[in-house]
Amino acid sequence: MPGPRPDPLPPPVPPEPLIGRDREYAHLRRLLGRGKDPSLRILALHGEHGIGKTSLAARLALDVGGSEGLPVCWLPLDQEAGGPEAILLRMLAQLGLEGWHWDDAPHPPDALGFELLHRHARGHLSASPAVVVLDEVAWRFASRRLLPAFIGTACTVIVTTSVPVPKHLPPPAWITHHLVRPLDASAARRLVRQDASGLPDDVLRGTVARGNPAQLTHLDALLRQGPFPENGHPHRLLDALLHKRLTQEIKLLNDLVALRVPYFSTRAALALGPQALAGRSTSVPLTKLVQWGLVQREGEDRYSIHPVIRTQVIQRDVARRMDPDVRLPADKVAEAALGDLDARLAIRRDSPLSAPDAPQAFPLPVERIEEYLSLCLRRPLSGPLASMLADWLAERGDVVRLLALRGGGSTWEAPGVDVALGRAARASGALHLAARQFTDARELRELAVTQHHLGDLKAAEDQLSALTPRTPRRQLDLGAVLTDQGRYGVAAQALAEAEREFSTQRDERGRALTLLARIPLALLVGAAESADALTESVYPLLRRQGDGAGLAWLTTYAGWRQRLGGTPAQAADTLGRAVTEHRDADNPRGEAWSGYHRALALADTGSAMDAGRQLNQARKLFAHLPDELGTAWTEHKYSLVVPQQGGPHHPAPALRRAANKFATIGCPRGEAWSRLDLALLALNNPHHDATADTDVTDELVAANSLFTLIGDLNGLAWVAYAHAAKEPGVTPWEAASAVNRLAPQMPPVLGDRIRRWADDQSARSWFAVPLWARDVIAPLSGTATAAPPLTATTQVRLTLLDGSPIRVRLRVVPAPDHPWATAPAAELPWLTALATPLSAAEIHPALSLFKPSNRAETDASGVPESGTDFEITPRLDGLHRFRFTISDERTGAVLQQVETELDIPGTDTSDPLAGLTPARRGGD
């Protein structure tokens with residue numbers, strides 16, 4: 001699930017001051033001054049390794065970015081893996097390019113053409129310019145592969161390179177080349193701050209004469225370690241340290257060089273340290289390497305090895321020749337990274353085991369993301385780490401980095417990367433890109449979910465129905481599809497089965513998603529109290545799991561719930577917040593659906609034009625995704641909400657298109673309402689005559705069949721209303737009685753509104769179904785059988801069970817006169833028990849499915865066996881209070897609510913739990 005984007009990778013902290021570079025820096029800063037010209041600036045800094053290009057680039061980038069208010073993105077490319085596609089994609093990811101912009105890619109992501117990639121980059125950078133540093137890259141590679149992405153933008157690009165520019169290639173006018181020269185003798189001596197009295201004159205003179213700041217800095221660090229070794233090589237600073245026999249630290253340095261990454265974190269050094277240090281603290285050698293100038297600290301938990309040192313290590317071949325039986329250093333670092341990612345993903349898999357600050361444990365600094373991505377783009381590390389990183393990026397909705405991981409020029413294939421890319425693309429709204437990733441037979445469930453998001457309910461249902469075995473994930477996805485079709489009974493059964501299996505498997509992530517999917521199903525049947533209970537249950541789970549998109553959906557459902565309760569103005573405000581939350585979570589599908597519901601709330605307030613504008617915005621988003629279901633519903637509602645006249649904008653063509661689209665994608669509820677509205681439109685036409693009755697009758701027969709198919713009594717009641725309206729001389733008030741007669745059989749929230757609406761029809765002169773009537777279904781008997789009310793003698797019993805941890809069994813024991821008392825076990829309905837702690841304690845599970853106790857099924861002592869168990873973990877000793885809400889699983893109706901107090905004393909008390917005395921609240 002998408003989350004907050006980290007800031008771009010910052011430059012290393014430049015030294016203060018830049019000794020010997022004052023005039024040079026001022027000249028370069030003037031070259032990059034923008035003035036009134038917003039055009040592209042490219043500065044290429046050339047020079048040997050260690051001459052100071054990186055320090056100059058870092059200072060320039062920070063100053064230009066700060067003065068012009070632009071983000072600064074630092075790309076160290078000296079040891080970077082992957083091709084130019086991966087480099088550009090990672091740059092764009094750091095600068096905030098959203099993944100769903102890539103949905104128009106005509107090829108798989110590993111075949112993205114440069115023109116397409118550059119076009120997207122130029123489009124994003126033109127709208128959001130930045131300061132970008134390409135550090136230590138071959139000029140020919142940069143000019144041909146990377147710099148075209150910036151043409152036509154107002155970016156500032158700084159390139160550092162140690163490779164001379166071919167003289168026969170004159171630069172364009174907007175590229176400035178600058179050769180960074182060695183320091184003069186005066187500046188060079190200022191860099192050697194230590195006492196050099198013990199240093200041979202030829203060593204000092206030679207190093208100063210070369211004027212290389214990196215070598216001078218390393219010499220300064222070396223002098224701090226003691227006398228210069230007599231047998232040291234004067235031009236080999238690393239050799240000098242080796243002669244000091246600092247074997248443990250040099251072994252770590254060798255391993256770090258062997259990683260071949262541009263920078264590394266403390267975690268990487270820790271992974272390499274234990275074997276090298278024989279039990280010593282791993283942070284000690286890294287600290288010493290920094291003190292000696294062999295490793296540079298570039299920021300918070302970010303280190304690098306200067307090219308001068310890396311080159312000496314490689315040239316001298318001091319990098320350890322590993323025994324075949326010993327793992328490579330990169331393998332150890334990859335294993336540590338794997339553990340890091342696994343710990344962060346564990347919050348999604350099993351949220352109750354997470355620490356209280358678990359939401360903060362899921363984010364990953366951009367330094368760590370880029371470090372792991374660099375590791376994964378190397379062929380030897382193409383296995384579990386790449387798959388785990390892909391899962392993490394998919395949870396974050398980071399499509400652009402997944403494109404880099406999947407097609408960044410590497411030849412390996414890691415299992416699961418395609419699937420992760422598909423999941424992330426789907427969450428970000430790039431639905432066609434997502435569908436292209438699910439080509440394997442093992443990925444058909446993911447393909448079905450993508451088809452659902454595309455609005456093709458029929459294809460998704462067929463795909464899921466054919467899958468075997470009936471896994472809880474399959475049932476969850478099928479229940480969501482059936483909900484959108486309006487088929488309440490089978491949707492409720494699928495979601496109930498999914499929740500039972502997830503509860504059995506103790507899969508908290510699956511349970512959270514199932515509870516979230518049950519909320520719109522409850523709202524669809526007007527079960528507001530059930531929706532509230534589900535929201536109360538799933539909210540802490542989603543919060544602990546760091547699911548920003550899921551929390552945004554809760555805001556959407558809260559606005560839907562408020563509209564259902566008759567407070568449209570409040571609903572419009574809530575749904576406006578939902579639109580923003582989905583946008584922040586990079587979830588355009590959620591943004592579109594929240595905008596759609598907000599438009600309906602605005603229509604309920606009487607703001608038809610505002611509602612029309614909001615529907616148009618939602619329709620554009622649905623078309624961009626595309627989501628055919630959302631497009632059909634917005635077209636259908638727009639024809640009803642916005643005042644229409646005759647001519648090309650008459651609502652009939654739009655309703656006909658919506659009906660046909662609903663039929664194509666397999667949404668019987670939408671098709672039924674479209675056909676019913678077409679019939680009512682004809683009946684309200686002042687030019688309507690008997691010659692059109694056949695068409696009206698055909699539409700009503702079709703609507704009646706479809707409402708019967710999904711078992712919607714509410715829809716059938718409005719079909720009866722339209723049939724009554726056909727009769728000559730019938731007034732709207734008389735036709736309304738056809739609906740009013742069925743109101744007592746509908747959910748209370750719907751029945752009450754129908755009765756108020758019917759009483760208001762005496763002043764009407766036309767036939768119309770109120771807008772809110774289309775948002776609720778009333779399940780027919782047999783489609784979803786409501787549980788009979790609990791009588792006064794029906795009891796909710798709580799029993800303390802033996803053993804540890806503390807467990808309580810909850811049972812619903814029906815009274816002898818209750819139908820459940822004698823019903824066969826197979827016919828007993830499923831109930832839900834929502835457990836809510838009202839004190840400092842935890843209770844698991846938060847929501848449980850169970851059946852009432854059949855009096856014929858008892859244990860040896862005559863106590864009914866059916867029920868559900870809860871585990872209680874108190875945070876403090878003493879009195880604790882819990883609330884249990886019992887609901888009908890299918891209809892969502894709250895049957896009873898009880899509260900109980902549990903006295904949990906200290907461990908030295910023989911009686912660990914006082915008697916349980918449920919206190920009824922709101923029940924029969």
Side-chain angles (χ1 to χ4, degrees), residues 6-16 49-50 52-55 57-58 62 73-81 90 94 133 135-136 160 213-214 217-218 220-222 224-225 237-238 241 246 248-274 276-277 280-314 318-320 329-330 332-337 340 364-378 381:
D7 293 330
L9 191 67
V13 179
E16 289 286 351
H49 284 308
K53 304 183 299 296
T54 296
S55 297
L62 290 171
C73 178
W74 184 270
L75 295 172
L77 303 177
D78 181 36
Q79 293 287 305
E80 194 52 81
R90 292 165 70 177
Q94 292 187 40
V133 181
D135 187 37
E136 204 57 53
T160 73
T217 303
H218 299 148
D220 178 69
L222 178 63
R224 290 199 296 268
Q225 308 311 313
L237 303 180
L238 181 62
L241 282 176
L246 302 172
Q248 302 292 351
E249 288 73 14
I250 296 303
K251 185 183 294 185
L252 177 60
L253 179 64
N254 294 339
D255 284 348
L256 291 171
V257 170
L259 286 177
R260 296 184 63 246
V261 293
Y263 48 86
F264 56 90
S265 62
T266 306
R267 178 175 290 274
L270 289 172
L272 297 173
L277 301 177
R280 292 169 55 194
S281 172
T282 310
S283 62
V284 172
L286 182 59
T287 303
K288 287 188 176 180
L289 290 174
V290 173
Q291 291 175 350
W292 298 334
L294 300 178
V295 169
Q296 295 175 304
R297 182 171 182 174
E298 296 191 347
E300 185 68 27
D301 195 26
R302 191 174 98 196
Y303 301 87
S304 70
I305 301 172
H306 198 282
V308 171
I309 297 300
R310 189 186 302 113
T311 301
Q312 290 189 36
V313 171
I314 295 173
V318 296
R320 188 159 36 124
K332 300 178 186 178
V333 176
E335 186 176 276
D340 184 23
L364 195 65
V366 66
E367 292 90 344
R368 198 75 59 79
I369 300 173
E370 293 296 319
E371 178 188 1
Y372 294 170
L373 195 50
S374 292
L375 286 169
C376 287
L377 288 173
R378 286 164 169 75
L381 300 173

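Predicted, not measured: the structure shown is a model, and the values here were computed from it. Residues: numbered from 1 along the sequence shown. Heavy-atom basis, side chains included; hydrogens, waters and symmetry copies ignored.
Two residues are said to be in side-chain contact when any heavy atoms from C-beta on lie closer than 4.5 Å; Leu62 and Pro11 meet this criterion.
When all heavy atoms of Gln94 and Cys73 are compared, the closest pair comes out as OE1-SG, 3.5 Å.
Applying the side-chain contact (heavy atoms from CB on, under 4.5 Å) criterion to Thr160, with sequence neighbours excluded, gives Leu45, Lys53, Ala57, Asp135, Glu136.
Within the model, atoms OG1 of Thr54 and CH2 of Trp74 stand 5.0 Å from one another, a figure rounded to the nearest 0.5 Å.
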